[in-house]
Amino acid sequence: MFHIHLPDGAIRALKPASTAADLAASISPSLAKRTVAARVDGKLTDLSAPLPDGAAVELVTRDDPAALELIRHDLAHVLAEAVQALWPGTKTAIGPAIEHGFYYDFERDTPFTTEDLPAIETKMREIIAAKMPFTCEEWTRDAARAHFEAAGEPYKLALLEAIPEGEPIKIYRQGAWLDLCRGPHMRHTGDAGSAFKLTRVAGAYWRGNSNNQMLSRIYGVAFADKAALEAHLTMMAEAEKRDHRRLGREMNLFHFEEVAPGSVFWHAKGWRLFQTLIGYMRDRQEAAGYIEVNSPDIMDRALWETSGHWQNYRQNMFLAKTEDDRDYALKPMNCPGHMLIYGQGVKSYRDLPLKLAEFGKVHRYEPSGALHGLLRVRSFTQDDAHIYCTPEQLTEECLKVNDLVLSIYRDFGFEDVRIKLSTRPENRIGSDESWDRSEAALRAALDQAGHPYTIFEGEGAFYGPKLEYVLRDAIGRDWQCGTLQVDFNLPERFGTTYVAPTGDKMVPVMLHRALFGSLERFTGILIEHYAGHLPLWLAPVQVVVATVTGAADDWATEVAGALKAAGLRVETDLRNEKIGYKVREHALQKIPVQIALGAREAEERSISIRRHGTDKTQSLPLEEALQLLVAEARVPGVTGHSLCVGKP
RNA sequence: GCUGCUGUAGCUCAGAGGUAGAGCACUCCCUUGGUAAGGGAGAGGUCGAGAGUUCAAUUCUCUCCAGCAGCACCA
């Protein structure tokens, strides 16, 4: 007899070679109607595939989260059929489901434009309405090769050749159209539903390799139902509202110019935010035993040859040749400078771990297409530090960095942090043995910390493996910020040593680490994370004191003076405008606290306070408000009382 | 860097082969007004840069620069 195990533990007897569709039908007609696929022994499969005897089968209905991937993948096929119906001869490459939707890559003499999308979408809806059944066939390699050769589909042929010998070659049909595909698919094109939208066209390299042919990619978003699609589109609109490039302009924080692509012009308010972050980090690092140093921006080629940057990183460096024909380079990293600072004087094991920190501005010639507001620039300030320690101290130092970085992110409300471990890349310096040790040290620290992590093979820096800290913002987007890298190579290249207890000269291990990563980037992330509504301690202007009438000018000046004396960042607005006008303007500037003063307040020596994001006002004595605001404006972290006033 | 798109006033955007417009912002005047836009007047642009076609180019063509989306790369 033929048995199937159901998720609730029940065992069901069916006729041999039954399919999941038969199983659903045997349970109930309504279930059969809603079921679009099955999970057989944990793996998603077609409803029409024969079940193995004794399999654990879970029926997947269309509203199952697992069906979402099928919806998106089905739509990719529908998209390809629509495109080939509209433009016969278009070559197809690959079309997977992705986060939020799907895409398909095509090759065509003239790439698609957004004007083509409505027609394609209409065609897709026709194909969906036709409810063409998806059927799976297994072909021989020769048959498949013959078919795709005849069809003029070189990318399919390449994909076919990449399928290992012995694996089945599956063809999915929907009506007259077919595709080489691993599957699974739902019952018919109608199951894909109508909650989708083609969003954009873009170029994409065949197989993701920039040496390959550029294909034309069409993207779509898709969800199980209209509500989810709407929610996603709303979320996209929300992300656009938070765009730091737009908020940066509106809030007068920074701007960019054509003469300096990828370099920030910080306005007074943006710079204050930037410096507040530096002040905060300086406090946290000082408490963690770091000492701050500073190294030159431009250094001779010889240094970069010693460090290996000249050989391995030159295409990313800004070079400077002087009148006397000497080659300099703007530093793309701070580490070589720190090597020279370490190298001054003899270091003892008693000096270790030595933690040199620098808010160094580095320049990297990034590809033009990579630039993106503050998030990807060509000159940026790192909260960089290099920790020199003994091999015995290595794991503990990694752990300390890990604790520090997570604690710092928490101060900004980033609780959800993922860690990536990137191992040795092809283009690298140093022996395999030192790479073994470096990678092992990072693993050991992570295991001890008990924090889960994901390994990315071959993605380390050329001098060492690295941890990367990815944090998730208020609307669920991921941002890569901090990094921790182990380096056995640079100390060797620079001949760096310390005197061990035995009196022998030993080579220290070095850690590179940055917690914000790039101050520019982190500022941009914060703007988006907070949607411009910065917490009081970060807001460049914390309080605006605005008058209702000229009669309150003196009182407003006095109030502002008292707030300033208490260390708050305050501006006054005594303009000849109505209070509603002033309130609106400062609300648009996302000023956290507005204080409105009229004849009444001047008379009572009180203040009327209004918090950003509300339309409520509260009347308070000045003293009380002062205490409240000062407490709220306190910088989190170690000293807890620094307001960064007058800090560099 | 690659593919596609875009570049007109501080911002958001119209516009046409015959040397430019709107709203907001800005300046000035009137208004002293109680929590998201009071009224009036005014000023403001080598139409991203260079070349070409044309009697004439901001408009058409080409090259470059920058930006946007994606790819690739990356903090």
Side-chain angles (χ1 to χ4, degrees), chain A residues 103 105 107-108 110-116 199-219 243 245-246 249-250 252 255-262 315-316 332-333 362 364-384 422 459 461 466 468-470 479-483 485 512 514-522 524-525 546-553 574-589 594-601 608-612 614-619:
Chain A
Y103 68 78
D105 285 346
E107 191 204 314
R108 188 171 161 239
T110 47
F112 297 103
T113 72
T114 41
E115 278 91 74
D116 297 324
T199 49
R200 55 175 59 106
V201 297
Y205 298 107
W206 166 236
R207 288 189 156 149
N209 185 328
S210 58
N211 296 321
N212 288 347
Q213 165 95 23
M214 173 72 73
L215 304 172
S216 184
R217 175 175 296 179
I218 298 178
Y219 280 96
D243 192 317
R245 292 166 298 184
R246 168 204 176 105
R249 188 177 54 237
E250 288 174 1
N252 195 13
H255 84 280
F256 289 90
E257 297 270 350
E258 283 200 11
V259 291
Q315 68 284 358
N316 288 304
M333 296 184 195
V362 295
R364 299 183 187 174
Y365 189 73
E366 299 291 341
S368 59
L371 303 181
H372 183 93
L374 295 177
L375 302 182
R376 192 72 186 276
V377 291
R378 283 184 175 153
S379 55
F380 57 98
T381 309
Q382 291 183 312
D383 58 329
D384 203 3
S422 298
E459 298 201 2
K466 58 184 177 184
E468 284 165 327
Y469 291 84
V470 179
W479 306 99
Q480 190 173 305
C481 291
T483 174
Q485 307 171 2
H512 307 242
L515 308 185
F516 288 149
S518 146
L519 263 299
E520 283 77 359
R521 184 176 159 76
F522 197 76
I525 292 167
T547 49
V548 179
T549 82
D553 284 2
L574 310 183
R575 289 176 305 168
N576 174 17
E577 295 292 349
K578 297 202 171 184
I579 191 64
Y581 182 92
K582 294 183 183 181
V583 165
R584 173 169 195 272
E585 203 160 88
H586 301 126
L588 288 173
Q589 285 291 305
Q594 290 198 52
I595 292 175
L597 302 178
R600 196 163 61 228
E601 286 80 7
S608 161
I609 190 167
R610 176 192 166 112
R611 309 297 306 242
H612 183 66
T614 74
D615 51 7
K616 290 201 192 75
T617 60
Q618 192 188 3
S619 194

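Letters go in sequence order (proteins before strands), and every chain restarts at 1. In this text the structure is predicted, and so the values were computed from the model without any measurement.
Rounded to the nearest 0.5 Å, atoms SG (A:C481) and OH (A:Y469) are 12.0 Å apart. A distance of 8.5 Å separates OG of A:S216 from CG of A:D116, quoted to the nearest 0.5 Å. To the nearest 0.5 Å, the span separating OG1 on A:T547 from CD1 on A:I579 amounts to 6.5 Å. Taken from CZ in A:R364 to CZ in A:R378, the straight-line distance is 13.5 Å, to the nearest 0.5 Å. Atom OG1 of A:T617 is separated from atom CD1 of A:I609 by 10.0 Å, given to the nearest 0.5 angstrom. Note: A:F380 CZ to A:E520 CD = 8.0 Å, rounded to the nearest 0.5 Å.
Remark: the backbone N or O of A:Q480 is paired with a side-chain donor or acceptor of A:R521 at under 3.5 angstrom. Panel note: side chain A:R217, backbone A:D105; no donor-acceptor pair is recorded below 3.5 Å. Without hydrogens or angle criteria, A:R200 side chain to A:Y219 main chain gives no donor-acceptor distance under 3.5 Å. For A:Q594 (side chain) and A:V583 (main-chain N/O), a donor-acceptor pair under 3.5 Å exists by modelled atom type. Within the 3.5 Å criterion, the main-chain N or O of A:A514 finds no donor-acceptor partner in the side chain of A:D383. Side-chain N or O atoms of A:Q589 include none that pairs as donor or acceptor with a backbone N or O of A:R584 at under 3.5 Å.
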Check nucleotides 45-48 of chain B for protein N or O atoms closer than 3.5 Å to its own N or O atoms and list the pairs.
none

Contacts under 3.5 Å, N or O only, protein and nucleotides 59-62 of chain B:
none

Return the polar atom pairs (N/O with N/O) between nucleotides 37-42 of chain B and the protein under 3.5 Å, or none.
| residue | atom | partner | partner atom | Å |
| --- | --- | --- | --- | --- |
| B:A37 | N7 | A:R584 | NE | 3.4 |
| B:A37 | N7 | A:R584 | NH2 | 3.3 |
| B:A37 | N6 | A:R584 | NH2 | 2.6 |
| B:A37 | N1 | A:R584 | NH1 | 3.2 |
| B:A37 | N3 | A:R584 | NH1 | 3.4 |

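A:Q213 comes within contact range of no nucleotide atom at all, as no heavy-atom separation falls under 4.0 Å. Residue-level contact check: A:S608 touches the bases, meaning some heavy atom is under 4.0 Å from a base atom. A:T617 comes within 4.0 angstrom of a nucleotide base, judged by non-hydrogen atoms across all strands. Within 4.0 Å of A:A596, counting heavy atoms only, lies at least one base atom of the nucleic acid. If you check every strand for non-hydrogen atoms under 4.0 Å, A:R249 touches sugar and phosphate atoms only. Base engagement by A:A599 is indicated by at least one non-hydrogen atom pair under 4.0 Å involving a base atom. In this structure, A:L215 reaches neither bases nor backbone, as no heavy-atom distance under 4.0 Å exists between it and the strands shown.
Rounded to an integer number of Å, the gap from CZ of A:R108 to P of B:G4 is 12 Å. The nearest whole Å value for the distance from the CG atom in A:D116 to the C1' atom in B:C5 is 13 Å. Rounded to whole Å, atom P of B:G33 lies 18 Å from atom CZ of A:R575. Note: CD (A:E107) to C1' (B:U3) measures 13 Å, nearest angstrom. The separation between A:D615 atom CG and B:A36 atom P is 7 Å, rounded to whole Å. Atoms CD (A:E585) and C1' (B:C11) sit 14 Å apart, rounded to a whole Å.
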Does the pair A:Q618 and A:S608 meet the rule for a side chain to side chain contact (heavy atoms under 4.5 Å, CB included), with working shown? CA-CA 5 Å; A:Q618 192 188 3; A:S608 161; over 6 Å; no
Would A:Q213 and A:L215 count as a side chain to side chain contact (heavy atoms under 4.5 Å, CB included) here? Give the steps. CA-CA 6 Å; A:Q213 165 95 23; A:L215 304 172; 3.8 Å; yes
Would you check, one step at a time, whether the test side chain to side chain contact (heavy atoms under 4.5 Å, CB included) holds for A:T483 with A:H512? CA-CA 8 Å; A:T483 174; A:H512 307 242; over 6 Å; no
Please lay out, stage by stage, how A:E366 and A:V377 fare under the test side chain to side chain contact (heavy atoms under 4.5 Å, CB included). CA-CA 7 Å; A:E366 299 291 341; A:V377 291; over 6 Å; no
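With hydrogens and angles left out, the side chain of A:E115 and the base of B:G4 share no donor-acceptor pair within 3.5 Å.
For RNA chain B, runs of at least 3 consecutive pairs of the Watson-Crick or G-U wobble type, with both hydrogen-bonding distances under 3.5 angstrom, map to B:1-7 with B:65-71, B:10-13 with B:21-24, B:26-30 with B:38-42, B:48-52 with B:60-64.
Taking the P atom of each, B:G40 and B:C47 are spaced 32 Å apart, rounded to whole Å. If you take atom C1' in B:C24 and the same atom in B:A43, they sit 16 Å apart, rounded to whole Å. Annotation: B:G38 and B:A25 have their P atoms spaced 9 Å apart (nearest Å). The same atom, C1', is picked in B:G44 and in B:G33; the two are 30 Å apart, to the nearest Å. Nucleotides B:G48 and B:A41, compared at atom P, are 31 Å apart to the nearest Å. Comparing the same atom, C1', in B:A57 and in B:A22 gives a spacing of 24 Å after rounding to whole Å. If you take atom P in B:A56 and the same atom in B:A51, they sit 15 Å apart, rounded to whole Å. Atom P of B:U46 sits at a distance of 10 Å from the matching atom of B:A9, rounded to the whole Å.
Of the residues near RNA chain B, A:T113 and A:R610, the one whose nearest nucleotide (by heavy atom distance) lies more toward the 5' end is A:T113. Comparing A:Q594 and A:T114 along RNA chain B, the residue whose closest nucleotide (by nearest heavy atom) sits nearer the 5' end is A:T114.
A:E585 pairs by the salt bridge (charged side-chain N to carboxylate O under 4.0 Å, His left out) definition with A:R575, not counting sequence neighbours.
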Given protein heavy atoms under 4.0 Å, the one-letter contact record of nucleotides 67-75 of chain B, with B base, S sugar-phosphate only and - none, is simply SSSBBBBBB
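A:R108 forms a cation-pi arrangement with A:F112, by the criterion of a distance under 6.0 Å to the ring centre and an angle within 45° of the ring axis.
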